[in-house]
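In listed order, ligands and their atoms are each counted from 1. Residue indices begin at 1 and follow the sequence shown.
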Amino acid sequence: MMLLQIHEPGETPLPHEERGAAVGIDLGTTNSVVAVATDGRPAVLRDPAGRGLVPSVVAYGEDAEPLVGEAARHRLLDAPEQVVSSIKRLMGRGAGDLKALAGTLPYRLAEAEPGEGGMVHLLVGGRRLSPVEISADILRALKARAEASLGRAVDRAVVTVPAYFDDAARTATRDAARVAGLEVLRLVNEPTAAALAYGLDQGAEGLYAVYDLGGGTFDLSVLRLEKGVFQVLATGGDAALGGDDFDHAVAEHFLAALGADAPSESEAKLALATARLAKECLTTRESGEWAVELGGASRRVPLDRPTLDRLIRPMVDRTMDICRDVLAEAAIAPPEIQGVVLVGGSTRVPLVRATVEAMFGRPPLADIDPDEVVALGAALQAEALTVGSDTLLLDVTPLSLGIETMGGIVEKVIPRNTPIPVSRGQEFTTYQDGQNGMLFHVVQGERETVDECRSLARFELRGIPAMTAGAARVLVTFAVDADGLLTVSAEEKTTGARQEVAVKPSYGLGDDEMMRMLRDSMEHGARDMERRLLIEARVEARRVLLALAAARATDAALLPADEAAQLDEQVRLLESLLPGDDRDAINGAVEDLERRSQAFAQRRMDKAIHLALAGRSIDEVGADPVGAPAREP
Ligand code: ADP
Ligand code: MG
């Protein structure tokens with residue numbers, strides 16, 4: 001602490017109380033919450049009416065200042081074109097990501113403009129806004145609420161993100177906070193924050209699961225706690241499964257019960273709002289009756305708990321399937337889990353609680369309000385980071401990070417689920433003689449080939465000295481910091497030529513794309529491996545052909561005509577096999593070619609030794625080839 005209190009000469013040091021407060025923020029898809037901790041006791045900051053949740057909804061009307069929260073939600077009925085909700089789904093996503101989803105999203109997308117780097121923009125209420133700006137407006141409202149409630153400035157925050165948020169989405173979140181005038185002390189994974197709120201850092205050891213069912217998303221994370229260290233072992237979920245789906249099922253039930261097979265848009269919207277109300281009421285009541293507007297009249301429909309349970313059971317069961325998958329992937333049996341933390345408003349639903357209890361064989365931890373628990377944990381972490389604490393947070397990388405190598409194959413440098421912060425290096429080498437530059441392509445994903453993974457960044461290392469193929473040693477280092485953000489550097493070991501890039505993609509993976517990629521990687525594992533081996537065989541074949549051609553160009557005199565003819569024949573055979581997919585045939589032809597050129601190689605070697613003994617050196621000549629890195633043989 002003392003070290004932090006150094007001031008520039010002439011500057012009057014601020015007394016401790018005058019520094020801005022540090023808060024914890026859960027920036028949710030449906031609702032956001034801000035909390036503060038004092039002496040280890042966290043509390044949610046509420047509006048004068050006592051409400052802690054701020055709907056993550058923003059309305060851009062005629063006023064200069066946008067409306068955020070309940071007030072914005074009210075605008076949905078009369079001016080829906082001015083209102084944005086669920087903006088979290090677009091964090092870190094590019095226009096390209098959304099093309100695929102066109103028509104399924106309730107947003108109006110703006111045309112891209114030069115210099116925007118691919119970040120998606122929306123048209124709302126006559127303005128053109130990025131998800132970062134819209135999230136910043138939500139964060140500004142949370143900051144204002146905290147300042148009003150604490151009576152002092154708030155300028156720092158711990159902000160939570162889903163455990164599987166990729167680099168782009170984390171960067172976008174941090175940028176949004178910065179735009180809102182908040183310094184981000186740390187981005188913390190939501191499940192980790194929830195565990196902190198339960199005080200699991202104090203002496204709890206073992207495996208814990210965090211089951212988070214919100215408005216539109218479901219996540220399950222498995223944490224390992226050991227001596228105050230939190231490690232997210234595995235995470236999985238469905239980015240399109242949550243309480244909103246319960247609402248849809250109930251609304252359909254209402255409309256069907258009233259025989260309305262073609263409701264108008266506004267009737268459907270009102271039915272949905274009523275369905276949500278009914279669902280939330282049935283959390284504490286056994287049954288009730290609700291008014292549904294239809295054909296200008298209000299009609300009453302009953303709904304009881306057993307009917308609600310029947311309507312939502314398929315969705316609740318789906319969360320259980322995901323739980324089983326995540327546990328299986330982490331090789332953990334449900335009884336090994338020592339506690340299950342419930343997060344998200346939808347875990348209030350009695351059927352959800354009962355199903356979770358049955359699956360894990362123990363009552364879940366649910367004493368803390370499930371939609372406030374993440375913000376409370378974030379507040380504790382904010383206090384720990386400003387006042388000091390021993391708790392060390394360890395999170396994991398959600399997807400593997402790697403480098404493209406020759407042939408479009410991905411060499412994974414940091415596998416998925418590696419605890420962060422982490423730094424890993426891997427050596428690569430050149431593919432061609434005299435290659436003096438290397439193009440690096442950083443990708444994220446689980447598949448074996450580049451076109452199936454997500455491109456994060458490209459950069460180039462120049463100034464590699466001319467050497468024979470495979471002689472250069474280029475060390476590529478991936479460093480992921482505590483916020484989950486990646487920096488990549490490359491260094492040629494003999495010359496020290498260095499290049500570094502902070503990987504700051506202008507777009508990133510969407511949650512559902514991330515989930516899809518994880519699922520795909522499991523399903524396609526075997527086929528991918530086949531493809532990878534085939535590509536590797538082709539790359540090796542091309543390398544051998546290239547090396548042979550270069551040798552023949554410099555030492556044609558050392559190759560007798562009959563041997564040359566034999567080699568030509570073998571080269572033609574190999575070239576004809578290359579476009580095909582018979583890996584064994586390619587490998588066989590390469591071996592043959594190498595065997596048949598052995599005598600020639602031997603003569604070249606003898607000549608080189610001769611020249612060296614005569615005090616002459618072999619000059620490397622050649623163009624200026626630049627290529628992707630090759631794997632070390
Ligand atoms: P997110 O994490 O997506 O921001 P929340 O954790 O705030 O979302 O959860 C919002 C969801 O919780 C909504 O679908 C809402 O209907 C549901 N919810 C809130 N309170 C209750 C309740 N008492 N009973 C059932 N569902 C509830
Ligand atoms: Mg949430």
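At least one N or O atom of Thr29 sits closer than 3.5 Å to an N or O atom of ligand 1. Among the atoms of Thr283, some N or O lies under 3.5 angstrom from an N or O of ligand 1. Of the N or O atoms in Lys279, one or more lie within a sub-3.5 Å distance of an N or O in ligand 1. Ligand 1 has no nitrogen or oxygen under 3.5 angstrom from a nitrogen or oxygen of Leu213. Remark: ligand 1 and Gly345 share an N or O pair separated by less than 3.5 Å (distance only, no angle test).
The distance from ligand 1 to the heavy atoms of Gly344 drops below 4.0 Å at these ligand atoms: 6 (O). Interface of Gly243 with ligand 1, defined as ligand atoms under 4.0 Å from a residue heavy atom, comprises 14 (O). Near Arg276, with a cut-off below 4.0 Å to any heavy atom, the atoms of ligand 1 are 13 (C), 15 (C), 16 (O). Per-residue contacts place Gly28 under 4.0 angstrom from the following atoms of ligand 1 (heavy atoms of the residue considered): 4 (O).
Contacts of Glu280 with ligand 1, taken as heavy-atom pairs under 4.0 Å, involve both backbone and side chain. Residue contacts with ligand 1 for Asn31 involve both N, CA, C or O and side-chain atoms from C-beta outward (heavy atoms, distance under 4.0 Å).
A salt bridge links Asp369 and Arg348; the closest N-O separation between the charged side-chain nitrogens and carboxylate oxygens is under 4.0 Å. In summary, Arg51 and Asp47 engage in a salt bridge, as defined by a charged side-chain N under 4.0 Å from a carboxylate O. No salt bridge links Arg156 with Glu183; every basic N to acidic carboxylate O contact stays at or beyond 4.0 Å.
Using a 4.0 Å heavy-atom cutoff, Ser346 is listed among the residues neighbouring ligand 1.
Protein heavy atom nearest atom 1 (P) of ligand 1, with residue, atom name and distance: Thr30 OG1, 3.5 Å. Summary of contacts: the protein heavy atom closest to atom 20 (N) of ligand 1 is Arg348 NH1, 3.1 Å. For atom 10 (C) of ligand 1, the closest heavy atom belonging to the protein is Gly215 N, 3.6 Å. Atom 2 (O) of ligand 1 has its closest protein heavy atom at Gly214 CA, 4.0 Å.
Residue Glu65 places its CD atom among 12 or fewer non-hydrogen atoms of other residues, nucleotides or ligands, all under 6.0 Å distant. Sparse packing is recorded around CZ of Arg41, with 12 or fewer heavy atoms of other residues, nucleotides or ligands lying under 6.0 Å away.
Between the side chains of Asp137 and Tyr60, at least one donor-acceptor pair of N or O atoms lies under 3.5 Å. Side chains of Ser32 and Ser56: a donor on one and an acceptor on the other come within 3.5 Å.
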**Request:** Check the pair His121 / Leu129 against side chain to side chain contact (heavy atoms under 4.5 Å, CB included), numbers first and verdict last.
**Result:** CA-CA 5 Å; His121 280 72; Leu129 298 160; 5.9 Å; no
**Message:** Tyr211 vs Thr319, test: side-chain hydrogen bond (donor to acceptor under 3.5 Å, both in side chains). Steps then yes/no.
**Reply:** CA-CA 9 Å; Tyr211 177 103; Thr319 69; 2.7 Å; yes
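Contact of the Thr192 side chain with the Leu223 side chain is registered, since non-hydrogen atoms from C-beta on lie closer than 4.5 Å.
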